Amino acid sequence: RSIGSLVKPVIYLAALETGNYNASTIVEDGPVSVTLANGKLWEPQNISEEFYGPVPLVRALAQSMNAATVKLGMEVGLPKVTREFVALGLEKEPPELPAVLLGSVDVSPLEVAQLYNAFANGGFSTPLRAVRSVLDAEGEALKSFALEVTPVASPDAVYQVNRMMVEVMNHGSGRGAKATLPPDLVVAGKTGTSSDYRDSWFAGFSGSHLAVVWIGHDD
């Protein structure tokens, strides 16, 4: 299913890894027009249908600004962005299309969990498994699976994105969910929706737990 704004942390990570941006870098949230391969113009809007002008990256992500994110993604380059998805654990690289910058990426909740696993592990990825070990009748292990840990992203860049996703929960699009949690629980997360709210997503983590939720019209 289309994951909407769940793609944004991946885009911001790609930007930070270039070394040309940080959480306080200013990006312009304003009208943006991209000429597509068929010659048509793509002019994405913010959900609020207004623009916010120059904003730091941390605010653009916290408030899930579409225009600022598209400008950032185009500056970084679509090839860098789409390769980032593969680096974080997506098996198939998304097409190098501008719509990818606003979540036109069709994946399953399990695949989203694999992507966000790299954020939760500070830039390291571990393959998700449903089976930890196979035991005999006495409870002795017949077969176990070694833990695989692979570095997939700059820990410094991931740390900045994770702190930005904490702001998503505290002051941005995730604050409604954060209000239902214990006040001392630190959560990093991101919300996402597809066109006409057909799909609604949340992905987030705290401590050693990561959760991905999808709600929508599966028709």
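Everything numeric here is computed off the predicted structure, so don't read it as measured data.
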**Q.** Side chain proximity check, Pro44 to Val32, heavy atoms < 4.5 angstrom
**A.** yes
Q | Cluster link Tyr52 to Ile47, ILVMFWY, side chain under 4.5 Å | A | no
**Q.** Nearest heavy atoms of Pro98 and Leu78, plus distance in Å
**A.** N-CD1, 3.8 Å
Q.
For Tyr12 and Thr69: C-alpha separation, side-chain torsions, deciding distance, then whether side chain to side chain donor-acceptor pair (under 3.5 Å) applies.
A. CA-CA 8 Å; Tyr12 285 65; Thr69 300; 3.0 Å; yes
Q. So, Asn162 side chain and Phe119 main chain: donor-acceptor pair closer than 3.5 Å or not?
A. yes
Q) Below 4.5 Å, heavy atoms only, C-beta onward: do Gln160 and Asn22 meet side chain to side chain? A) yes
Q: Check whether any side-chain heavy atom of Phe51 lies under 4.5 Å from a side-chain heavy atom of Asn46, and answer yes or no.
A: yes
Q: May I have the step-by-step check of side chain to side chain contact (heavy atoms under 4.5 Å, CB included) for Asn117 and Phe205, ending in yes or no?
A: CA-CA 9 Å; Asn117 167 274; Phe205 50 90; over 6 Å; no
**Q.** Test item: Gln114 side-chain N/O and Leu128 main-chain N/O as donor-acceptor pair under 3.5 Å
**A.** yes
**Q.** Nearest heavy-atom neighbours spanning Glu43 and Ser33
**A.** OE2-OG, 3.5 Å
Q.
Treating Gln63 as the side-chain partner and Ala60 as the backbone partner, does any N or O pair qualify as donor plus acceptor under 3.5 Å?
A. no
Q: Can you measure from NZ (Lys8) to CG (Leu102) and round to the nearest 0.5 angstrom?
A: 6.0 Å
Q: May I ask whether Val70 and Ile11 are part of the same hydrophobic cluster, defined by side-chain heavy atoms of I, L, V, M, F, W, Y residues being less than 4.5 angstrom apart, directly or through others?
A: yes
Q: Might you work through the side chain to side chain contact (heavy atoms under 4.5 Å, CB included) test for Leu41 and Val34, ending with a clear yes or no?
A: CA-CA 6 Å; Leu41 292 180; Val34 178; over 6 Å; no
Q: Taking all non-hydrogen atoms of both residues into account, name the closest pair between Ala68 and Asp29 and its distance.
A: N-OD1, 3.0 Å
Q. Just by distance, do the side chain of Asn121 and the backbone of Gly123 share a donor-acceptor pair under 3.5 Å?
A. no
Q: Could you tell me whether a side-chain N or O of Ser194 sits under 3.5 Å from a main-chain N or O of Tyr197, the two making a donor and an acceptor?
A: no
Q) For atom CD of Glu91, is the number of surrounding heavy atoms from other residues, nucleotides or ligands below 6.0 Å larger than 12? A) no
Q) More than 12 non-hydrogen atoms from neighbouring residues, nucleotides or ligands closer than 6.0 Å to OH on Tyr159, yes or no? A) no
(Q) Working to the nearest 0.5 angstrom, can you tell me the gap between Glu75 CD and Lys80 NZ? (A) 15.0 Å
Q. Taking side chain as C-beta onward, heavy atoms only, is Glu93 less than 4.5 Å from Phe85?
A. no
Q.
Could you measure the distance from the NZ atom of Lys178 to the NE2 atom of His171? Nearest 0.5 Å is fine.
A. 9.5 Å
**Q.** side chain to side chain contact (heavy atoms under 4.5 Å, CB included) between Met169 and Arg175, worked out
**A.** CA-CA 5 Å; Met169 300 301 297; Arg175 63 188 182 279; over 6 Å; no
Q: Please confirm whether the backbone N or O of Val27 pairs with a side-chain atom of Tyr21, one donor and one acceptor, at under 3.5 Å?
A: no
Q | Passing candidate, side-chain contact (heavy atoms from CB on, under 4.5 Å) with Leu101, options Val76, Val7, Val81, Asn66 | A | Val81
Q) Should Ser154 and Glu17 be marked as a side chain to side chain donor-acceptor pair (under 3.5 Å) after you check the CA-CA gap, both sets of side-chain angles, and the distance that decides it? A) CA-CA 7 Å; Ser154 161; Glu17 285 196 310; 4.9 Å; no
(Q) Could you tell me if Lys190 and Ser64 have a donor-acceptor pair between their side chains, going purely by distance under 3.5 Å? (A) yes
Q: For Val112 and Ala203, work out which heavy atoms get closest and say how close.
A: CG1-CB, 4.1 Å
Q) Can you find a heavy atom in the side chain of Leu147 that is under 4.5 Å from one in the side chain of Thr126? A) yes
Q. Taking all atoms of both residues into account, what is the closest heavy-atom pair of Val152 and Ser125, and its distance?
A. CG1-CB, 3.7 Å
Q. Quick one: do Val149 and Leu210 end up in the same hydrophobic cluster if we chain Ile, Leu, Val, Met, Phe, Trp and Tyr together by side-chain heavy atoms under 4.5 Å apart?
A. no
Q. Can you find a heavy atom in the side chain of Val10 that is under 4.5 Å from one in the side chain of Leu88?
A. yes
Q. Rounded to the nearest 0.5 Å, how far does CH2 of Trp214 lie from CG of Asp199?
A. 6.0 Å
Q. Taking all atoms of both residues into account, what is the closest heavy-atom pair of Ser206 and Leu185, and its distance?
A. OG-CD1, 3.3 Å
Q) Are Thr193 and Trp201 side-chain neighbours, meaning at least one heavy-atom pair lies under 4.5 Å? A) no
(Q) Applying a strict under-4.5 Å side-chain criterion to I, L, V, M, F, W and Y, I'd like to know whether Val168 and Val166 cluster together. (A) no
Q: Flag the pair Leu115 / Glu111 as yes when at least one side-chain heavy-atom distance between them is below 4.5 Å, and no otherwise.
A: no
Q.
Assess the residue pair Phe202 and Val212 against the criterion (side chain to side chain contact (heavy atoms under 4.5 Å, CB included)); give the C-alpha distance rounded to whole Å, side-chain angles, the decisive distance to 0.1 Å, and a yes or no.
A. CA-CA 6 Å; Phe202 172 79; Val212 175; over 6 Å; no
Q. To the nearest 0.5 Å, what is the distance between CE (Met65) and CZ (Arg59)?
A. 4.0 Å
Q. Are Tyr116 and Phe124 joined in one hydrophobic group, where the rule is that I, L, V, M, F, W and Y side chains link up if heavy atoms are under 4.5 Å apart?
A. no
**Q.** Separation between CZ of Arg83 and CD of Glu96, rounded to the nearest 0.5 Å
**A.** 7.5 Å
